[in-house]
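Right, one structure below, let's go through it.
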Amino acid sequence: MARYSDDFIEELKSNADIVDFVSDYIELQKSGNRYKGLCPFHSEKTPSFFVNPDNNFYHCFGCGAGGDLINFVMEIENLTFAETIKLLAERSGMELPDLSDTQRRRYKEREKLFALNKLAAKFYNYLLTEKEMGNKALEYLKKRDIDQNDINKFQIGYAADEWQLLLNFLKKRDFSLDLIHKAGLITKGKNNSYYDKFRNRVIFPIYNNRGEVIAFGGRILATEAADYGPKYLNSPETAIFSKKKNLYGLHLAKDAIRKKNSCIIMEGYTDIIQAHKKGFENSIASLGTAFTEEQAKLIKRYAEKAYIAYDADTAGNMATLRGLDILSDAGIDVKVIQLAEGNDPDDLLRKEGADIFSEYLAEALSLVDFKIEMIIKDKDLTEPGVRIKVLKSIIKLIAEIEDELKREIYLERAAEKTSFKAEVLAKEVKKEVKKIKSRNYRKDIEKNNSESKKVDLNTQISYYQKIEEQILAHYITKPELREKISEILTPDDFSGRAAQLADRLFKGRVISASVNNDSIKDELDNELYSYWSEIIVKQKSSLSEARIFELAEYISSYKISKSKEKICKFLASKNYDLDKLNSILVTFQKMNYNIERRD
């Protein structure tokens with residue numbers, strides 16, 4: 001892939017402190033000459049994410065994610081390479097050099113998509129607020145207690161009941177048909193014709209967390225819904241919009257979420273608008289009820305607690321419950337607000353006000369309590385068959401709670417809600433816990449051993465392996481040492497993954513004058529790339545050049561010594577023919593020559 005010059009990349013990375021940047025997303029604690037914290041790319045309870053400020057690299061010993069500062073920003077912000085360079089340059093106060101032709105095309109298309117969506121949002125807003133055709137939409141919003149301040153804050157708009165109004169407007173502004181289609185603003189019809197995707201709808205622009213318009217949601221105004229499609233219509237997936245990676249209202253809510261260390265998650269656009277209007281500015285919408293891991297990680301960046309404010313029917317369905325489990329697995333404390341049947345946050349806030357909603361927040365149930373409520377909801381517990389089924393479901397749920405004290409608390413609550421005897425529940429839960437432990441014993445042992453090895457940077461590998469990794473890390477990060485190291489060692493002097501990586505390094509297939517993360521990722525498979533970032537994070541910057549060369553000599557001598565020992569054992573076995581003997585003697589002579597040459 002085309003890229004900026006190596007000199008510019010190195011200067012950019014040296015000017016941007018990776019510890020400072022990563023600390024915006026996760027809490028880091030000093031650990032020797034490194035920093036560690038909970039990985040932002042997977043759910044974990046024990047920190048296995050390490051940052052090495054000496055060479056601006058990170059590596060997670062849990063999921064294998066790793067790379068340099070540029071790679072971190074690309075992954076966590078879902079940016080392209082060019083966008084990342086721009087962001088880092090702005091933060092570091094550096095001026096950008098010219099982009100390559102390939103980068104310029106990719107970057108410009110995304111920039112045009114952002115510009116296109118921004119203009120479309122303004123156009124929709126203009127139709128709503130300045131044109132007579134928007135009066136019907138204004139009336140709808142007024143009935144929902146959404147005023148001009150709310151319209152301005154969320155840039156609400158209106159898509160006219162016309163086939164090509166937006167399309168013609170954008171074409172006059174020199175946006176190509178192809179780009180407008182890529183943005184998801186028009187739909188292809190028959191005979192290569194195109195028409196506006198959103199028609200006769202109230203429009204809610206969807207922003208990313210940086211405040212850029214990336215998509216739209218439209219609420220139908222027509223009574224004949226079949227003529228215009230579904231009640232709610234969202235933009236399709238595009239180069240700048242992925243439904244599973246974004247949350248409605250986050251660009252406005254993120255500061256309040258950080259401050260309160262909690263967010264309130266709702267379903268609809270108007271729910272969020274009304275919540276912000278009433279002072280609950282940490283409210284966001286999930287763009288669907290089934291949460292994704294990407295959304296959970298996004299929330300975890302800002303808060304440790306999430307209140308779920310869905311209507312009763314939505315909150316209890318299986319897709320929602322799976323989504324709540326994803327939030328919980330990401331380390332988020334999930335609380336569920338129980339709204340009355342047929343009610344939603346928008347209705348509650350408009351009709352009963354902020355104080356009543358605050359009471360609902362205070363009475364929100366833990367995820368386990370809510371699941372117990374769902375298990376017993378509408379069940380006739382006087383019926384023996386139903387009672388047994390409910391009992392088994394509750395036992396299974398409580399047995400999965402790892403904390404013994406929490407398990408006891410939920411046992412008491414379940415007994416109270418179901419009139420089951422607490423001692424009977426406790427006895428059955430104990431049996432189920434034993435089954436779970438027995439079933440997962442081997443898996444847990446393997447996992448614990450694996451986690452132990454991953455989190456401990458060095459003690460789980462041999463002294464020889466540590467030396468191999470230090471040599472390769474210095475080979476990668478210190479170009480001035482490469483020629484000398486290459487004179488002492490060959491890829492054959494290494495073992496395992498170190499040998500695979502050395503083969504690519506020494507042949508110049510990965511790096512030449514400097515380290516460029518993009519070319520590395522193109523050349524190495526996922527496992528070897530993860531190993532690349534691992535050894536750099538573990539690199540000891542205190543080692544002198546002389547010490548590195550001593551270690552290289554040791555590796556070479558060690559390899560020769562082991563080979564000679566193996567040859568001697570083979571000769572002693574006398575299990576060989578003359579051709580094999582001749583081959584062994586030639587190898588032996590070469591090893592002696594290499595030793596004499598070094599001496």
Side-chain angles (χ1 to χ4, degrees), residues 1 9 13 16-29 31 34-81 83-85 87-88 209 242 244-245 292-302 326 329-332 447 449-458 460-461 469 472-473 476-477 497-498 500-501 504 510 515-539:
M1 185 182 83
I9 295 293
K13 288 194 289 187
D17 182 1
I18 191 171
V19 173
D20 179 51
F21 209 101
V22 173
S23 295
D24 286 347
Y25 301 91
I26 63 173
E27 183 179 346
L28 291 175
Q29 294 180 338
S31 178
R34 306 173 186 87
Y35 290 81
K36 67 178 180 180
L38 296 175
C39 180
F41 301 114
H42 83 289
S43 177
E44 62 177 8
K45 297 179 180 179
T46 302
S48 60
F49 183 89
F50 284 78
V51 177
N52 189 332
D54 294 332
N55 49 40
N56 268 2
F57 258 75
Y58 71 94
H59 182 80
C60 176
F61 291 81
C63 68
D68 60 8
L69 174 60
I70 295 170
N71 187 243
F72 179 83
V73 177
M74 288 176 68
E75 291 295 326
I76 204 160
E77 288 288 359
N78 190 32
L79 298 177
T80 64
F81 178 79
E83 289 167 337
T84 300
I85 297 300
L87 187 153
L88 291 175
N209 62 337
S242 174
K244 67 179 183 179
K245 295 180 180 179
T292 65
E293 290 184 9
E294 291 86 352
Q295 287 173 323
K297 290 173 185 175
L298 187 57
I299 291 170
K300 190 69 168 64
R301 287 191 216 166
Y302 301 100
I326 288 174
D329 290 342
I332 298 169
K447 181 181 178 182
N449 288 340
S450 175
E451 288 297 321
S452 174
K453 290 177 182 178
K454 289 169 182 172
V455 176
D456 193 334
L457 292 181
N458 282 307
Q460 298 296 326
I461 62 175
E469 292 182 353
L472 289 179
I476 292 165
T477 60
R497 291 185 299 173
Q500 296 177 46
L501 186 55
R504 288 163 172 78
V510 176
V515 181
N516 183 276
N517 210 51
D518 296 313
S519 59
I520 294 162
K521 290 191 77 172
D522 290 340
E523 175 63 32
L524 305 180
D525 58 34
N526 290 338
E527 183 179 352
L528 211 51
Y529 178 75
S530 177
Y531 183 59
W532 162 283
S533 64
E534 176 185 331
I535 65 173
I536 296 178
V537 165
K538 293 194 296 189
Q539 180 182 356

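Being a predicted model, the structure only gives us computed values, none of them experimental.
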Practice problem: Carefully, step by step, assess Gln500 and Glu527 under the rule side chain to side chain contact (heavy atoms under 4.5 Å, CB included). | Solution: CA-CA 11 Å; Gln500 296 177 46; Glu527 183 179 352; over 6 Å; no
Practice problem: Considering only NZ, NE, NH1 and NH2 on the basic side and carboxylate oxygens on the acidic side, decide whether Glu294 and Lys244 come within less than 4.0 Å. | Solution: yes
Rounded distance (nearest 0.5 Å) linking atom [atom1] of [X] with atom [atom2] of [Y]:
X      : Y      : atom1 : atom2 : result
Lys297 : Ile26  : NZ    : CD1   : 12.5 Å
Glu77  : Tyr25  : CD    : OH    : 3.5 Å
Ile476 : Phe57  : CD1   : CZ    : 7.5 Å
Phe21  : Ile70  : CZ    : CD1   : 11.0 Å
Asp68  : Trp532 : CG    : CH2   : 9.5 Å

Exercise. Determine, step by step, whether Ile536 and His59 satisfy the side chain to side chain contact (heavy atoms under 4.5 Å, CB included) criterion, reporting the C-alpha distance in whole Å, the side-chain angles of both residues, the deciding distance to 0.1 Å, and the verdict.
Key: CA-CA 9 Å; Ile536 296 178; His59 182 80; over 6 Å; no
Holding to side-chain contact (heavy atoms from CB on, under 4.5 Å), I want the full list of residues that pass it with [X], two or more places apart in sequence or in another chain.
X      : value
Ala498 : Glu468, Leu472, Phe494, Tyr531
Ile18  : Val22, Val51, Asn56, Tyr58, Leu69
Leu38  : Glu44, Pro47
Pro53  : Val19, Tyr35

Exercise. Under the side chain to side chain contact (heavy atoms under 4.5 Å, CB included) rule, what do Lys36 and Phe50 come out as? Steps first, then yes or no, please.
Key: CA-CA 4 Å; Lys36 67 178 180 180; Phe50 284 78; 3.8 Å; yes
Quiz prompt | Partner set under side-chain hydrogen bond (donor to acceptor under 3.5 Å, both in side chains) for Ser530, not counting sequence neighbours | solution = none
Self-check item: Set of residues satisfying salt bridge (charged side-chain N to carboxylate O under 4.0 Å, His left out) with respect to Glu293, sequence neighbours excluded
Solution: none
